[in-house]
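Here's the structure, in structure tokens; my notes come after.
Model, not experiment: these values are computed from the prediction. Here is the naming used below: chain letters follow the sequence lines, and residue numbers restart at 1 for every chain.
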There are 2 protein chains.
Amino acid sequence: MSAPAEEIAHALSRLALYWRAAGWRAAGAQGLTPTQAEILSRLAADGPMRSGDLARQLGVSAPTLTDAVSTLAAKGLAGRQPDPLDRRAARVVLTPRGAETAALLPEMPEAIAPVLDGLADSERAGLLRGLTLVIRGLQEAGAIPVQRMCLTCRHFRPHAHEDAARPHHCAFVDAAFGDGALRLACADHEEAPEEERARHFARFAAVA
Amino acid sequence: MSAPAEEIAHALSRLALYWRAAGWRAAGAQGLTPTQAEILSRLAADGPMRSGDLARQLGVSAPTLTDAVSTLAAKGLAGRQPDPLDRRAARVVLTPRGAETAALLPEMPEAIAPVLDGLADSERAGLLRGLTLVIRGLQEAGAIPVQRMCLTCRHFRPHAHEDAARPHHCAFVDAAFGDGALRLACADHEEAPEEERARHFARFAAVA
DNA sequence: GGAATTATATTAGGAATCCTAATTAATAAC
DNA sequence: GTTATTAATTAGGATTCCTAATATAATTCC
């Protein structure tokens with residue numbers, strides 16, 4: 001009855017198709033494919049990364065990632081460095097030109113920005129909250145890699161305040177915030193221990 | 001300040017990557033690629049369709065769609081029929097084996113169902129509402145094709161009731177419903193005229 | 001009615017994605 | 001020290017996906 005799970009999946013499916021198609025257009029403007037563009041963006045945001053980590057984050061196999069990095073290397077946008085800690089591993093790094101190109105890539109598809117800006121604050125906050133819960137659930141299930149999000153951070157204090165608009169607290173910046181300010185890739189993230197993560201998640205999800 | 005548009009885009013981006021990767025696994029179980037699986041699913045749900053419409057719905061170019069249909073035809077899962085109304089056009093149809101295969105494809109990635117089911121009713125409703133608004137916005141911008149969703153349906157009456165839990169009304173089934181029951185691909189959908197669509201959309205979005 | 005335009009789909013050509021399976025090399029376990 | 005295990009690449013091949021060009025049919029404009 002009140003089970004719109006299929007409709008939500010339907011909606012996510014449509015958006016995933018759109019995202020992919022928009023990725024071709026945006027990346028194509030820089031002479032790249034979506035996978036190449038995504039690699040450049042990740043490296044620009046997070047610094048050099050091991051090949052395997054990139055593959056996991058993009059959800060592709062290791063050989064696919066190797067292919068894409070080789071192509072980027074041939075274009076002079078990325079390179080490989082041996083990892084000093086593990087000589088089996090290779091760290092993928094941006095070249096200066098790769099960093100320049102990454103800076104030209106849009107953060108999101110062109111058409112989506114005005115749509116999101118057109119939503120009411122409460123709509124955006126609710127949407128972000130729901131998406132965050134879904135991502136956290138998929139992480140919990142091992143379906144996607146853990147990211148630097150509030151829900152796994154040791155600085156996160158869900159529902160620490162009475163204020164309904166800003167119930168959560170970030171111990172790092174020592175400030176209250178609401179669902180609208182939830183982060184998915186915070187620079188100050190520090191992974192909380194398993195037990196604490198589970199406790200925070202339960203508390204966050206319970207108070208609907 | 002309360003502008004989590006970037007975070008929402010971030011979340012959608014992660015989910016799009018996951019969706020694509022999950023699509024490879026699910027389709028692969030039937031010996032298909034994600035594009036092929038998507039074509040079978042669409043045909044199974046909506047009946048024979050013109051090649052161009054399929055390409056638009058999947059967000060790929062016409063030649064890509066032609067490729068995929070040719071591959072499906074070689075596998076004995078789909079075929080082409082000339083369109084009696086327009087002899088330039090070709091309608092893509094499922095073979096019996098194609099219909100059987102389509103029935104085996106999961107509605108959503110395996111890991112997502114328990115996650116969505118684990119959300120509170122209000123979370124699911126809020127998430128669906130937000131996603132519906134985003135999709136409608138992208139349709140309005142011409143970025144994705146219009147679908148058979150409540151927000152474009154002539155039977156839809158947004159906020160026709162006082163009941164906060166079920167404020168909307170569907171004139172087709174003559175029943176009240178809430179955000180959680182919003183449909184994205186309703187079999188009884190009938191496209192409303194432009195003016196009515198805009199009016200409904202404004203009313204739906206305004207009452208947050 | 002006939003010519004020009006537009007729309008639908010396919011073909012051509014080629015780069016890149018993406019997979020699984022097999023290989024090489026380095027680390028970890030025993 | 002030998003045996004797993006792990007990281008990454010190579011090998012091989014089907015498919016995706018693009019743009020540009022082509023054939024055909026429908027539509028529009030005189």
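We find that CG of A/Leu32 is positioned 13 Å from C1' of C/dA15, with the value rounded to whole Å. Rounded to whole Å, atom C1' of C/dT8 lies 17 Å from atom CD of B/Gln81. Regarding B/Leu54, its CG atom lies at a distance of 14 Å from the C1' atom of C/dT8, rounded to whole Å. When the C1' atom of D/dT10 is taken as reference, atom CG of A/Leu65 falls 15 Å away, rounded to whole Å. Look at CG on B/Leu72: it is 16 Å from P on D/dA14, rounded to the nearest Å. Rounded to an integer number of Å, the gap from A/Leu58 CG to C/dA16 P is 17 Å. A straight line from CG of A/Asp53 to P of D/dT6 spans 15 Å, rounded to a whole angstrom. Going from atom CE of A/Met49 over to atom P of D/dA7 covers 14 Å, rounded to whole Å.
Here B/Arg25 lies out of heavy-atom contact (under 4.0 Å) with every strand.
Considering only side-chain N and O atoms, A/Ser51 lies under 4.0 angstrom from the phosphate OP1 or OP2 of D/dT9.
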Base contacts versus sugar-phosphate-only contacts with protein, heavy atoms under 4.0 Å: please encode nucleotides 15-21 of chain D as B, S and - from 5' to 3'. SBBBBB-
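Here CD1 of A/Ile112 is found 11.0 Å from OG of B/Ser13. Values are rounded to the nearest 0.5 Å. The CZ atom of A/Arg80 sits 7.0 Å away from the OG atom of A/Ser51 when rounded to the nearest 0.5 Å.
Using a 4.5 Å heavy-atom cutoff, the side chains of A/Lys75 and A/Arg97 are not in contact. At a threshold of 4.5 Å between non-hydrogen side-chain atoms, the residues A/Leu72 and A/Leu94 do not count as touching.
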How far apart are the C-alpha atoms of A/Leu127 and B/Leu133, what are their side-chain angles, what is the distance that settles it, and do they pass the side chain to side chain contact (heavy atoms under 4.5 Å, CB included) test? CA-CA 10 Å; A/Leu127 179 55; B/Leu133 285 168; over 6 Å; no
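Listed by residue number, the members of residues 82-111 of chain B with any heavy atom below 4.0 angstrom from DNA chain C are B/Arg88, B/Ala89, B/Ala90.
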